[in-house]
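Small disclaimer: the values here were computed from a predicted structure and weren't measured.
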Amino acid sequence: QVQVVESGGGLVQAGGSLRLSCAASGDSFSRYTVGWFRQAPGKEREFVAAISWSGSATNYANPVKGRFTISRDNAKNTVYLQMNSLKPEDTAVYYCAAGTKYVTVSNMYNYWGQGTQVTVSS
């Protein structure tokens, strides 16, 4: 069983940066793939980025490639999402999720946080 809690969201102007954190507790977090997803009002939840359990593999959705970076520190049981060059269309609730498979599909992730709001003003 793993519990994850997101933090670091907020209001930022377009072009600015934020770093989200996903802090985990529970058993063997370092063996889980972690994904970030987001959901904007009126839209479905979408994949943003994922990182393998070792951190050796990462994957990004096309809209965020080159702007977002996912990383992890297994000693701290924490995964980060560095978001640069933010755009108004990045506005959403961002969720962290842990799972046993390195995939982009949300229903393959077992453990979810409550989300953190990111708002980018134009």
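Listed by first then second residue, pairs satisfying side chain to side chain donor-acceptor pair (under 3.5 Å) with a partner in residues 97-107 number zero, not counting sequence neighbours.
In this structure, the side chain of Thr116 engages the main chain of Gly9 through a donor-acceptor pair within 3.5 Å. A side-chain donor-acceptor contact under 3.5 Å links Ser52 to the backbone of Ala57.
Heavy atoms only, all atoms of each residue included: Ala24 and Val2 are closest at CB-CG1, 4.2 Å. Residues Val34 and Ile70 come closest through the heavy atom pair O-CD1, 3.9 Å. For the residue pair Ala40 and Ala92, the shortest heavy atom distance occurs at N-CB, 3.8 Å. Of all heavy-atom pairs spanning Val103 and Tyr109, the tightest one is O-OH, 2.5 Å. Closest of all the heavy-atom pairs between Gly113 and Val4 is N-CG2, 3.2 Å. In terms of heavy-atom proximity, Tyr60 sits nearest to Thr58 at CE1-OG1, 3.7 Å.
Residues forming a salt bridge (Lys or Arg N to Asp or Glu O under 4.0 Å) with Glu46 (at least two apart in sequence, or on another chain): Arg38. For Arg67, the side-chain hydrogen bond (donor to acceptor under 3.5 Å, both in side chains) partners two or more places apart in sequence, or in a different chain, are Asp90. Taking the side-chain contact (heavy atoms from CB on, under 4.5 Å) definition, one finds that Val118 meets it with Leu18, Leu20, Met83, Tyr94, Val120, sequence neighbours left out. Qualifying side-chain contact (heavy atoms from CB on, under 4.5 Å) partners for Ser71, counting only residues two or more places apart in sequence or in other chains: Tyr80. Every residue meeting the side-chain contact (heavy atoms from CB on, under 4.5 Å) condition with Gln1, not counting sequence neighbours, appears here in chain and number order: Gln3, Tyr111.
Inter-residue side-chain proximity for Ser17 and Gln82 is flagged as met; some heavy-atom pair is nearer than 4.5 Å. Residues Phe47 and Val105 form no side-chain contact, since every pair of their non-hydrogen atoms from C-beta on lies 4.5 Å or further apart. Taking 4.5 Å as the limit, some side-chain heavy atom of Val48 sits within range of a side-chain heavy atom of Phe68. Considering only heavy atoms from C-beta on, Phe37 stays 4.5 Å or farther from Glu44 through its side chain. Looking at heavy atoms from C-beta onward, Phe29 lies in side-chain contact with Val79 at the 4.5 angstrom threshold.
Put simply, OG on Ser7 and CD on Gln114 are 13.5 Å apart, with the number rounded to the nearest 0.5 Å. Atom CG of Asn77 sits about 11.5 Å away from atom OH of Tyr32, to the nearest 0.5 Å. Taken from CH2 in Trp36 to SG in Cys22, the straight-line distance is 5.0 Å, to the nearest 0.5 Å. Here Ser21 contributes atom OG and Lys76 contributes atom NZ; the two are 9.5 Å apart, rounded to the nearest 0.5 Å.
Hydrophobic clustering (ILVMFWY, side-chain heavy atoms < 4.5 Å, transitive): Val12 and Val93 are in distinct clusters.
In this structure, Arg72 forms no cation-pi arrangement with Trp53, as its terminal cationic atom is not both closer than 6.0 Å to the ring centre and no more than 45° off the ring axis.
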